[in-house]
Each structure stands twice: as C-alpha cells, then as structure tokens.
Protein chains: 4
Amino acid sequence: MAGNKESKKEELVQKRSVQILEAAARVFAQKGYHAATTKEIAAQAGVSEGTIYNYFQSKEDLLLSIPRLISETTLLPPLTQIQATPTTSGEEEEKLLIIVLDKAFQTFQHNVDFLKVLFSALPTMDEETLEEYLRRTPLHLTQVLEEFLRIRIAQGVYRPMDTTVLARAFMGMIMIFMLTQEVLPGKRVFASVDYKAIGREIVQLFLHGVLAHPGQGEVA
Amino acid sequence: MAGNKESKKEELVQKRSVQILEAAARVFAQKGYHAATTKEIAAQAGVSEGTIYNYFQSKEDLLLSIPRLISETTLLPPLTQIQATPTTSGEEEEKLLIIVLDKAFQTFQHNVDFLKVLFSALPTMDEETLEEYLRRTPLHLTQVLEEFLRIRIAQGVYRPMDTTVLARAFMGMIMIFMLTQEVLPGKRVFASVDYKAIGREIVQLFLHGVLAHPGQGEVA
Amino acid sequence: MAGNKESKKEELVQKRSVQILEAAARVFAQKGYHAATTKEIAAQAGVSEGTIYNYFQSKEDLLLSIPRLISETTLLPPLTQIQATPTTSGEEEEKLLIIVLDKAFQTFQHNVDFLKVLFSALPTMDEETLEEYLRRTPLHLTQVLEEFLRIRIAQGVYRPMDTTVLARAFMGMIMIFMLTQEVLPGKRVFASVDYKAIGREIVQLFLHGVLAHPGQGEVA
Amino acid sequence: MAGNKESKKEELVQKRSVQILEAAARVFAQKGYHAATTKEIAAQAGVSEGTIYNYFQSKEDLLLSIPRLISETTLLPPLTQIQATPTTSGEEEEKLLIIVLDKAFQTFQHNVDFLKVLFSALPTMDEETLEEYLRRTPLHLTQVLEEFLRIRIAQGVYRPMDTTVLARAFMGMIMIFMLTQEVLPGKRVFASVDYKAIGREIVQLFLHGVLAHPGQGEVA
DNA sequence: TATGAATGAGACTTCATTCAT
DNA sequence: AATGAATGAAGTCTCATTCAT
C-alpha cells in the first residue's frame, strides 16, 4: 500500500519533470537557449516559475537534461537487417537503402526541435554536454553507417573506399535537407522538396554517381 | 579640399565601422549572439561601449550588418571555367571537380565564424536577415552548382537527374565536414580528416557511386 | 478518560513544539536568523516544512518563541546564599566570588546558542522581543548582582561605589570572554584561556585592583 | 593636463565608491546584513541599483569592503604616552587612565554602526573577513593594552597578573557599556549612564578593587 | 495531523543603451 | 567623435507560506 503510494508519487514527479522539460525544449527550440526565459517556460509548462526549480537546479540544468527526453536514436535495426542480405543487383540495393533513408529522415524530423536547441546553445555547451547531445542526434548514426559500409565492402558489393569519409558524406546529404527544410525558418531561400524524391535521388547518386558513362574514367 | 576632407572622414568612419563589426563577429562567433556583451565587443574592437552606438543603432544592428563584411561568396569563376570545357573522361572531370571542392572548402573555412554567428542567432533572426546571411554563405552556392549540373547534363557528361536535389546533396557533403570539423567545438566525437583526402573521396563518390560493379542494376 | 486523552494530546503538541523550536534555535544560531531557512529547520527537527506551520505562525514566530525554551537564568541562589554571610577577610570573599563566577560562566556557556540567535536577529527585533530575550540572558543578572553589591556595601565589606556601573562592569568582564571564546567563530584572533584561570584573575581584579601599593593614592 | 583629468576621474570614482559603501554600512547597521536590500542601499546612496555593481562585485563585496572605510583604530598615542611616565601615586594613574578610557569610548561610539554590521553578519563571515573586521574594532586594542600592562608591571606600578586576562577584562568593561547603551536598540532594559561617570568608576575598580579594607585578604 | 509540491513576491545581478563631459 | 558612468528593465533564482491530499 505504502509502496503503491510511493510509486504513484514518484510517477507524478517524473510526469511533472517531463512536462517542464518538454516545455523548456519547445521554448529553447523556438527562441534559442539564451533568449528563452524561465517565465515563458513556466507558462508553457503550465506551472509557476518557482516550480521549475523544484525539479531542476537551474536553467542550464534544463539544457543538460533535455537529452534524457530523447531515447538514443538508432538506425541499427534496418541496417543490421540489410547487412544480413548481401545484394547482388543494384536495384535490390536501392530498395534497401531507400528504406534506410526514410527511417533516417523520419528520425531527423522527429528530432528537429532537439537539433535547434543544440544549435542555439552550441557556444555555451561544454564538450561533455555537446557529446551528450550528439549521442541523441542522428549525426551519431555515422558510426553505425560506417560499420555497414565496411561489411558491404568486404562483401564486394561496394568498392573499397574510406568508410569514415563515406559515411559522413552520406549523413551530410541527409542533413542538409533537414537543415534547409526544417531548421532554417525561412523556407523561401531553399525550395522545399518531397522527401521521397530526395531519397530516390540520393540513393541513385550514392550507388551510381552522376556520370553518364561510368565505364570510362573508372578508378584503377 | 572640402570634398577631400569629407571623403577622408567617410573613410575613417568606414574603417571604424568595420573594426567594430569585425570585433562583433568575432565575439558573436565565440560566445553566441545572445551571450556576447557589448562590453566585450568594445574591448575587442579597442573602443569604448559608447562608441559602438555612434556607428550602430543597437546590438541587433551589429548582427544585421555583419553580412556586409562578407563579399558574396562565389565559386562562379572556377565553375564557369569548367562549364566551358566539356570533359570526355572521368579522370579529367575528377581533376576539375577537386579544384572546385578545394575552393569550396576554403570558402567555408574562411567563413566559419560567419556560420557560427548565423547558427547562434538563428532563432532571433527575421526571415529577411536570415536570407541576407544565407546569401553570404557557401550554402548559397547551391544555385550556382545547380546551373553547372544542368549544363553537364545537357552536355551528356552527367546522367539526367534532379539538379536541385543533386546540387544540395553535394553541398551537404561539403558542409557536414565543415560542421563536424570546424563548427562543433568538441572534436572528440568526430575524427578529424584531412581535407585533401575528403575531397578525393567525395569526388569519387559523386562521379562513380559506391557500387563495385556499376554495370549491373544500371538505371534505365 | 477523555481528559487523559486531551492531556496526552497536549503533551504531544508540547513535545513536538519544543522539538521544532530547538531545531530552529540550533539553525538560527549556526546560520543567523535571516540566512536560516525553514527547510533546514524542518530537516533538523525531522519534520516537514508544513508541520512547522501547524505549531508556529511564521518564521518570526519561531524567533519570538525561542525565549520560552529558556527558563529565566538566575544566579540568585548562590548570590543570596552569599549575601547571608558577610565575609570578614578578602580570602574568604574570593572563594565565594569564584563560585559565583563559575556559575555565571556555566550559564553563559549553556546559552551561547541563545546569545548567537539574539545577536543575529538584533536588528529585526522589536523592543518587546528584545526584552524577552534579554530577560533570559545572563546579561540580565546585572540587576541581581547590583542588589548583592548594595548589600555588601551596606555591610561595609565593599567601598561605596556606583552599583549600576559596578555590576554591569563585572558582567562585562565575564561577557567579553564568552564573546571572544564562544561566539566569535575565529578563534585565531583571541587566544583561548581556561575559564578557571580567568575566574581567579577577574576576582582578584574585582576585589583588589591592579595597583601594587594600594595604600597610596587611596580614594578619600 | 591629461593626468589631471585622470586623477580627477579617479577621485570621483573613489568618492562614489565611498558614498555607496557608507550607505551600505548604514543600511547594514540598521537592518542587518541579510535583511538589507540592494534596493535600499541604492536609495540611501542616491544612485540606481545598477550603479552599485559598477563599483562592487556583489552585496557580499560591500560587506567585505566596509572595513576599508575605517582607519585602523588605535589607542596607541595616549597609551605610549603614558608608558613613558611611570606614575608614583594612584591619583596620578587615575587621571591618565581616565584619558585613555575617554578615548576608547569615543572610538567605540564612533564605530557603533561598524560593530552592528559585524554582529549582524557574524554567522556569514568567513574567518578572514571576521579578522579584517576585528582589526578595525576597538576590541583589537586589547593587544595594545596588554603591552601597556606588561610595562606597568615591570615598572612595579601594577601587581604581577595575567596580562591577557587583565587586558581583555578591561576591554570587556568598556564594551558592555557600548553594547547596552549603543548597540541594543531597546534602551529600556538597561539604564543609560553618563560616560564620564562610567569612566571614573571603572578606573577606580581597575586600580583599587572594591574591598573597603584592602590590607586584609591581600594576595601572597 | 503531517506532508511536501506549488506558489509568487522579491532578492540579487546583468547588460544594452543613454548622455554629460 | 569618444568616453564610460549611470541607468533600469528584465532575468534567474530563493524561500516563506499555503493547501490539497
């Protein structure tokens, strides 16, 4: 009985804590960390300013705690699934990669606010906090992707290349679309493109390159 | 005489103005727009706080004026130069693209502080200011690149693809390295790679893709 | 039965009230009245913050109630005892006074926390509260001492002097040692001396003065 | 010329700094350190709250800086003067001591606010600050007095006694009158006495003690 | 009766901006 | 034109007190 009460209380504390943290993330994303005020966070959370400090030590503590909100993003399932099936045709590979890309775009889109907070607070963050953030960021998937590339190369499906550069370049192609379409508030500068179409083109580029006659200039 | 004096005065005003603006850009880049103080900007510029307000209306005015410092970045010369010579072999194209990439990396590197300012002040900027910033950003080169791609496709050197997506994806590959190597202060998360090597790999990927046997699965 | 229950309840209330009050006195003494927080008092008392307000109206009420903790200090027993026996020799008087002094030091030492509370809250106290405090303070013994002095003078044991000044001066000699040895946290400034030794010297001074040849310069 | 301007400016800074510090001391003395607000200090100083922070780092810095206001109090001149003239009669000695006492009372009276600040902030002060305060306090004269007593004993004017205890006891007699007449706001508890009278009585007590027939009970 | 989460007034402090010199 | 002291609005945070459970 008492235990029940205890756990109920803990649950409430947890709930309130998340409620405030989400409000903070929202306001941080919208106004930027420094321009955000505890007053507005409190309003967004539907509590008084004082209440914030019953759950967090400071405004900075809110910033540091935001990563806790986000479960570590992962593309692992789809990627490891693909690793298991070495493809024999380019078409087959394309289909698989498009699945991965879709998943990546979804993850990014889901975490756009998180990215905005990260960007707005960048100069303030110490290295430790930054890493904590990056760990929850799809950027971090680069390492998973690298492992996948190594396997594909070993399988002879991909040419031998620098996997570090390759993986990061691939993420870069994804990220720039998130940046230009989701993060940068002015959508007027960059035309918005449908993610399905983007996915197809990126995969094409990634697999085949742009050359019309690939046989020529092949690398030794 | 009077005119001379006039112009000399204007010149001085111009000089002082730039001196302050550069200090502001430096401090904004380092601390972030909101965390930066006019006091520190004044110190960096070697003037008093009051003097800033003889040249700029407000702290925000400094932010808005920073783009004036940067001549609109352009890859136009190398790109248009390349356009003029339709290549016949992949090798030849590689050499040309590497030149372009080097130039792009240099431009980005030169503007890292500018990018940092942009990122730190993103949530504060109105759309107009944002565009003003983006115009000075290598990101903006996407449009130039797009034009180049259209020509190459017309020349039959590149396959027909969506040039908007293609150009932006290419910039994304450049940008993610700038981001991970120059902007993000924690260099521990992402291994640092030499730009020459990056350039070569990106061009390889861009031209040929990753597939070991490109003949297969070729797009129709 | 009901009455029994009633009285039991009252007893409990009394107990809880004292428990809180003692905690408050402890914390007030340590941190000073204003720097002390109800939170810490609650923790010290082993109750919740809310409970404090079931027994006391406010933090200030705690301050006002602390004197209730202290029974009015009194040196009356030893002093009246002494009064009864007019001494004939200085040696005899010395012995008696040393007993009084010991008792006074003990009383002071026992009330050091009380004194600290008084000092820390002095500027906040209204005159009434201050008097309530002073009444529980050994300082208040001055009046008792004065009566003793009057009697000794009447007995011809002491010279005729201003008893008000004399009594207070005597208390001052006691108090400065309490102050320098117990209240002032920095024990480095004033060397600590054993109270027995202090007692002997003070009594010597009080009875005989410092002059080596008292016969000379005697007051008329 | 420039130097003149410089020094004028420095002088102004010095002036403003003192102006604020004196206001702070006044408010601290009246309300106690913790209950005092920067708002009231600013009002008392006739400046805005922000201005305080152009001269002091924090409210605590004000507390730490207050001793700077007070030149180190000293009774040295009168005491060393007396030392030079070993007295032969008690009457002579009385006259000299009364001068010293008057000076001491004046010093104390002049520093009453300072003492109040010290008392109010006692629990907050670290040892270093406390010492800084005590150094400006007449309490500190104990050491000077002690030296005087040693000499008088060596001169054979005073009996051999523990000078540490003796000196402090003497200061205690002075201090308790300052405490009861100047520091404790309620003057109702202790009757106020004229300092001249107090001085005479204290000196009497100090030199001759209270015994009517000092020849008896003399110490061996 | 006991609890402790919620409150909000108010404290300290920062900093962009002004203005007399 | 340059200075930098003064300003005061606004921000972060604390804490005595309340009240639903």
Side-chain angles (χ1 to χ4, degrees), chain A residues 5 8-9 12-13 15-17 20 34-42 45-62, chain B residues 9 12-13 16-17 20 34-43 45-62, chain C residues 9 12-13 16 20 34-43 45-62, chain D residues 5-6 8-9 12-13 15-17 20 34-42 45-62:
Chain A
K5 221 178 203 170
K8 232 181 203 167
K9 199 176 282 180
L12 266 174
V13 165
K15 209 172 208 168
R16 191 49 68 91
S17 166
I20 292 171
H34 277 98
T37 65
T38 50
K39 186 174 184 167
E40 188 165 3
I41 293 169
V47 299
S48 75
E49 277 192 82
T51 299
I52 294 176
Y53 291 86
N54 287 339
Y55 294 87
F56 299 92
Q57 293 188 339
S58 63
K59 188 183 168 188
E60 196 187 359
D61 190 24
L62 283 170
Chain B
K9 196 182 275 181
L12 265 173
V13 164
R16 194 46 74 87
S17 165
I20 291 170
H34 277 98
T37 64
T38 50
K39 186 174 187 170
E40 189 166 3
I41 293 169
V47 299
S48 73
E49 278 189 83
T51 300
I52 294 177
Y53 289 84
N54 287 336
Y55 293 88
F56 298 92
Q57 292 185 344
S58 65
K59 189 182 169 187
E60 197 187 357
D61 189 24
L62 284 170
Chain C
K9 195 182 275 180
L12 264 173
V13 165
R16 192 48 73 88
I20 292 171
H34 277 98
T37 64
T38 51
K39 186 174 187 169
E40 189 165 2
I41 293 168
V47 299
S48 73
E49 278 189 84
T51 300
I52 294 176
Y53 288 84
N54 287 336
Y55 293 87
F56 299 92
Q57 292 186 343
S58 66
K59 189 182 169 187
E60 197 186 357
D61 189 25
L62 285 170
Chain D
K5 221 178 204 171
E6 264 315 287
K8 233 180 202 167
K9 199 175 282 181
L12 265 174
V13 164
K15 209 172 208 166
R16 191 50 67 91
S17 166
I20 292 170
H34 278 99
T37 66
T38 50
K39 187 175 184 165
E40 188 165 1
I41 293 169
V47 299
S48 74
E49 277 192 81
T51 299
I52 294 176
Y53 291 85
N54 287 339
Y55 294 87
F56 299 92
Q57 294 188 338
S58 63
K59 188 183 169 189
E60 196 188 357
D61 191 24
L62 284 169

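None of these values were measured; they are calculated from a predicted model. We name chains A, B, ... by the order of the sequence lines, and we start the count at 1 in each one.
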- Spacing of D:I52 atom CD1 and D:S58 atom OG [to the nearest 0.5 Å]: 11.0 Å
- Roughly how many Å is it from CD1 in D:I41 to C1' in E:dT13, rounded to a whole number? 13 Å
- Rounded to the nearest Å, what distance is computed from the CD1 atom of residue A:I52 to the C1' atom of nucleotide F:dC15? 16 Å
- Query: What's the CG-P distance between C:L12 and E:dA2, to the nearest Å?
  - Reply: 9 Å
- Message: What contact category does C:Y55 fall into here, base, sugar-phosphate, or nothing, at under 4.0 angstrom with non-hydrogen atoms?
- Response: sugar-phosphate
- D:G46 or B:V47, whichever maps to the more 5' nucleotide of DNA chain F: B:V47
- Grab the two heavy atoms, one from D:H34 and one from D:K59, that are nearest each other, plus how far apart they are. O-NZ, 3.4 Å
- Item | Distance test, side-chain N/O of C:R16 to OP1/OP2 of E:dT1, below 4.0 Å | no
- Query: When you check the phosphate oxygens OP1 and OP2 of F:dT7, does a side-chain N or O of D:T51 lie under 4.0 Å from one of them?
  - Reply: yes
- Once base and sugar-phosphate atoms are separated, protein heavy atoms under 4.0 Å mark nucleotides 16-21 of chain E, 5' to 3', with B, S and - as BBB---
- Note on the structure: C:V47 and C:I20 have their tightest heavy-atom pair at CG2-CG1, 4.3 Å
- Message: Under the side chain to side chain donor-acceptor pair (under 3.5 Å) definition, can you give me all pairs with a residue in residues 47-57 of chain A, not counting sequence neighbours?
- Response: A:T38-A:E49, A:S48-A:T51
- Query: Name the stems with DNA chain F in them: runs of three or more consecutive Watson-Crick or G-U pairs, distances under 3.5 Å?
  - Reply: E:2-21 with F:2-21
- To the nearest 0.5 Å, how far apart are CD in C:E60 and CG in C:L62? 10.0 Å
- Candidates F:dA6, E:dG8, E:dA2 - which lies nearest the side chain of A:S48: E:dG8
- Query: Taking only residues two or more places apart in sequence or in another chain, which ones pass side-chain contact (heavy atoms from CB on, under 4.5 Å) with B:A43?
  - Reply: none
- Query: Rounded to the nearest Å, what distance is computed from the CD1 atom of residue A:I20 to the C1' atom of nucleotide E:dA5?
  - Reply: 11 Å
